[in-house]
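Worksheet for the structure shown next.
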Number of protein chains: 2
Amino acid sequence: MEGSAPRRTRIQQEKRELILEAALEVFSTNGFRGSTIDQIAEAAGMSKPNLLYYFRRKEDIHETLMERLLATWLAPLRELDDIGDPLTELRSYIRRKLEMARDFPRESRLFANEILQGAPRIMPLLEGELKTLVDEKATVIRGWMRAGKIARTDPWHLIFSIWATTQHYADFDVQVRAVLGPNRGGDGRFEDAARFLEHLFIDGLKPKG
Amino acid sequence: MEGSAPRRTRIQQEKRELILEAALEVFSTNGFRGSTIDQIAEAAGMSKPNLLYYFRRKEDIHETLMERLLATWLAPLRELDDIGDPLTELRSYIRRKLEMARDFPRESRLFANEILQGAPRIMPLLEGELKTLVDEKATVIRGWMRAGKIARTDPWHLIFSIWATTQHYADFDVQVRAVLGPNRGGDGRFEDAARFLEHLFIDGLKPKG
DNA sequence: GCAAATTTTGACCGATTGGACAAACGTTAG
DNA sequence: CTAACGTTTGTCCAATCGGTCAAAATTTGC
C-alpha cells in the first residue's frame with residue numbers, strides 16, 4: 001500500500017491550483033454540464049490535453065472543487081459556540097456568513113448549482129456530515145431557548161433562514177444589483193444588508209412600544 | 001401586418017402545452033445547457049423532429065417558459081397593497097410566497113437557474129419591470145415605517161429577505177430534506193417553515209420581556 | 001370519400017464535446 | 001553529455017448535440 005496521497009512535483013502543485021481556480025470561475029457561472037474542458041483550459045492558459053494531464057476527467061476537477069468548498073463552507077457554522085452571549089453569537093454567525101457571500105460568491109454559486117440539480121454528487125455528505133453538524137448546533141440553539149436567552153422557535157429553520165438570506169447576496173447578486181440600481185446597488189449593498197439582517201433577526205418587524 | 005399571434009389548431013395548443021410541461025421538468029433540474037431536446041421530447045412522449053415542429057429552436061421553449069413564469073411569479077408582490085393592516089399584509093405576502101415555493105418548485109428552480117447564470121436572457125426585465133415594481137412596493141413599505149406601523153429598516157432588503165427565505169424551500173429542497181431527516185423533513189416541513197418565518201419576521205429572536 | 005393541409009417519423013448533417021495517444025519538448029540527476 | 005523522467009502539444013476519435021429534410025401517416029374541410 002503506497003501512500004494514498006499521490007506525491008506531486010512543484011509544477012503539478014502549481015498547475016493544479018491554476019486549473020482549480022479557472023474551473024471555479026467557469027463552473028460557477030455555467031454549471032457543470034454547461035462548462036467545457038476547453039473553456040477551463042483557456043481560462044487556465046493551457047491546452048486541453050495539458051489540462052487533462054493534471055485531471056484525467058472533467059468530473060475529477062469538479063469533485064476536487066466540491067471537497068475543498070465544503071470544508072471552508074461549513075467553517076462558520078462549526079464556530080457557532082456555546083460560549084458567550086447567544087444573541088451576540090448568532091449575530092456574528094450571520095455576519096460571517098454574509099462576509100463569505102461577499103468574498104466567495106463563486107463558491108456559493110457552485111454549491112447552489114449543485115443543490116439545484118438535486119445534489120447528485122454530494123447527497124451522502126448532506127445526509128451525513130452536514131445533518132450531524134446542523135443537528136448538533138440545533139441542540140445548542142435549543143438550549144439557549146430553554147434558558148430564555150433567545151425566543152423559542154424552530155432551530156433548524158432558523159439555520160435555514162440564515163443560510164438563505166446571506167447566500168442570496170451571492171447567488172442572486174445579479175438580481176439584487178439590478179433591483180437596487182447603480183446607487184443603492186454599489187459596494188455599500190453588503191453593509192446595508194448586514195444592518196438589515198441584524199435588525200430582522202434580532203428585533204423583527206413589529207414596531208417598538 | 002397579419003396578427004402577430006399565430007393562429008393555432010387544437011392539436012398545436014395541446015402539444016405545445018405538453019412540451020412546455022415536459023421542458024419545465026427537464027430545464028428546472030438540469031438547467032438550460034444541461035438539458036437536451038431529446039430529453040424533453042422523450043418526457044413529452046414524442047420524437048425530436050416532432051417537438052421541433054412545434055418549437056423551432058430549443059431556446060424558443062425556454063423563452064416561452066420564462067415569459068409565463070415571470071407573469072405568475074410576481075403576482076404575490078403585485079398584490080401587496082396599502083389597504084389593511086401592514087403587519088398582516090406582510091404576513092400574508094410571506095405566506096403566499098411560501099405556498100408558491102411549495103406548489104411550484106420547478107418554476108422557482110428554473111428562475112434560480114437563470115439568475116445563477118447571470119440572467120443572460122432576462123436582464124432587461126430585471127432592470128425594467130422588476131425594479132419598477134419593487135421600487136413601488138418599497139415606497140409603500142416605507143410609508144408604513146414612517147407611520148410607525150412597522151419597524152424602520154431597509155424596504156428593499158426586506159423584500160430580498162422574504163424572497164430568499166421562501167424560495168429556499170423550493171431551490172434548496174434537497175438540502176432541506178436531507179438535513180431535516182425523514183421525520184421533520186416530511187410533508188409538515190412547510191407548515192413548520194411558515195410558523196418559523198412568521199415568528200422571525202414579526203418578532204425576531206430577542207426573548208420576550 | 002377525397003383532396004388539401006397538418007402532423008409525425010426515420011435518416012441524415014455539421015458542430016461540439018470529452019477524452020486518447022504518441023510524438024515532441026523541457027528538465028534534471030548522474 | 002545523456003538517459004530518464006516530467007511536461008506540452010497536434011492530431012485524432014467516438015459520442016452527443018441542435019437542427020434539417022423529404023417522405024409517410026394522419027387529420028380536416030368539403
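Residue numbers start from 1 in every chain, and the chains themselves are labelled A, B, ... in the order their sequence lines are given, proteins ahead of strands.
Screening Lys97(B), Lys137(B), Arg96(B) for a salt bridge (Lys or Arg N to Asp or Glu O under 4.0 Å) with Glu79(B), the sole residue that qualifies is Arg96(B).
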Once each nucleotide of nucleotides 12-20 of chain C is scored for protein heavy atoms under 4.0 Å, what B/S/- sequence comes out, 5' to 3'?
-> -----SBBB

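One atom, CG of Leu51(B), and another, C1' of dC17(D), lie 14 Å apart when rounded to the nearest Å. The interatomic distance linking Tyr53(B) (OH) with dA22(D) (P) rounds to 16 Å, in whole Å. Glu42(A) has its CD atom 17 Å from the C1' atom of dT8(D), to the nearest Å. Between Asn30(B) atom CG and dT16(D) atom P there is a gap of 16 Å when expressed in whole angstrom units. Here the P atom of nucleotide dA23(D) and the CG atom of Asn50(B) are 19 Å apart, to the nearest Å. Spacing between atom CZ of Phe55(B) and atom P of dG18(D) amounts to 16 Å, rounded to whole angstrom units. Here the P atom of nucleotide dT8(C) and the CZ atom of Arg16(B) are 14 Å apart, to the nearest Å. Put simply, CD on Gln13(B) is 14 Å from P on dT28(D), counting in whole angstrom units.
Phe55(A) and His62(A) have their aromatic ring centers separated by at least 6.0 angstrom.
Distances shown here put a side-chain N or O of Ser47(B) below 4.0 Å from the OP1 or OP2 atom of dT9(C).
The pair Asp192(B)-Arg189(B) does not meet the salt-bridge criterion, since no charged nitrogen lies less than 4.0 angstrom from a carboxylate oxygen. Ion pairing between a basic and an acidic side chain is recognised when a charged N comes within 4.0 Å of a carboxylate O; Glu59(B) and Arg121(B) show such pairing. Lys48(A) has no carboxylate O lying under 4.0 Å from a charged side-chain N of Glu42(A), or vice versa, which leaves the two without a salt bridge.
Using a 4.0 Å heavy-atom distance criterion, Tyr54(B) is classed as a sugar-phosphate-only contact.
Contact check for Leu126(B) versus Ile122(B): side-chain heavy atoms found under the 4.5 Å cut-off.
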